[in-house]
Amino acid sequence: LQGIVDALPEAEEEVLGLSDQHEDLMLAVHELRRRAAAAETADVPTLRGDIQELLRRLREHERAEDALVERAVAVGREPSG
């Protein structure tokens, strides 16, 4: 993500926010794996909903990262003065 900050210094706060999300998302993945390993059949509907929510969060995060990369690449293609 440092390359994005280099290309888009004004996006540094946005990049830092996305970086902070990485740890939270990884913790959520590990927690769901732990819960799934210990789950019983009755737990499946709740786990399914929690997994779907985590997948939504991951997709949203990836879309935000992709948008930043696209912006940085576009800046790199702009003709210099």
Side-chain angles (χ1 to χ4, degrees):
L1 295 176
Q2 183 59 48
I4 294 171
V5 173
D6 293 344
L8 299 169
E10 69 277 8
E12 183 172 11
E13 189 171 316
E14 193 174 351
V15 169
L16 291 174
L18 288 170
S19 292
D20 289 345
Q21 287 179 12
H22 287 163
E23 185 175 349
D24 293 340
L25 291 168
M26 289 305 298
L27 288 172
V29 167
H30 291 297
E31 175 62 17
L32 274 173
R33 288 182 69 205
R34 185 196 63 73
R35 286 178 46 212
E40 297 187 19
T41 305
D43 301 321
V44 170
T46 300
L47 280 171
R48 181 180 293 124
D50 292 346
I51 289 168
Q52 289 172 337
E53 174 59 20
L54 177 60
L55 288 173
R56 184 199 62 75
R57 289 176 54 204
L58 287 166
R59 287 182 190 114
E60 182 179 296
H61 177 87
E62 288 304 312
R63 278 193 295 272
E65 283 186 344
D66 290 347
L68 274 174
V69 169
E70 287 176 18
R71 285 171 45 203
V73 168
V75 166
R77 290 185 182 148
E78 291 177 358
S80 52

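Heads up: numbering here begins at 1 and tracks the sequence.
- Contact check on Glu53 versus Arg56 returns a salt bridge, with a Lys/Arg side-chain nitrogen under 4.0 Å from an Asp/Glu carboxylate oxygen.
- Glu10 is linked by a side-chain hydrogen bond (donor to acceptor under 3.5 Å, both in side chains) to nothing, counting only residues two or more places apart in sequence or in another chain.
- When hydrophobic side chains of Ile, Leu, Val, Met, Phe, Trp and Tyr are connected at separations under 4.5 Å, Leu55 ends up clustered with Leu25, Val29, Leu32, Leu47, Ile51, Leu54, Leu58.
- Among residues at least two apart or in separate chains, side chain to side chain donor-acceptor pair (under 3.5 Å) pairs with a member in residues 26-35 are Glu31-Arg34, Arg35-Asp50.
- Other residues sharing a hydrophobic cluster with Leu16 under the 4.5 Å side-chain heavy-atom criterion for ILVMFWY residues do not exist; the residue is a singleton.
- In this view, Glu12 satisfies the salt bridge (Lys or Arg N to Asp or Glu O under 4.0 Å) rule with no residue, not counting sequence neighbours.
- The list of salt bridge (charged side-chain N to carboxylate O under 4.0 Å, His left out) pairs with a residue in residues 65-74, not counting sequence neighbours, reads Glu14-Arg71.
- When all heavy atoms of Leu68 and Ala11 are compared, the closest pair comes out as CD2-CB, 3.8 Å.
- In this structure, the side chains of His22 and Leu1 come closer than 4.5 Å at one or more pairs of heavy atoms.
- Annotation: Glu13, atom CD; neighbour count of heavy atoms from other residues, nucleotides and ligands within 6.0 Å does not exceed 12.
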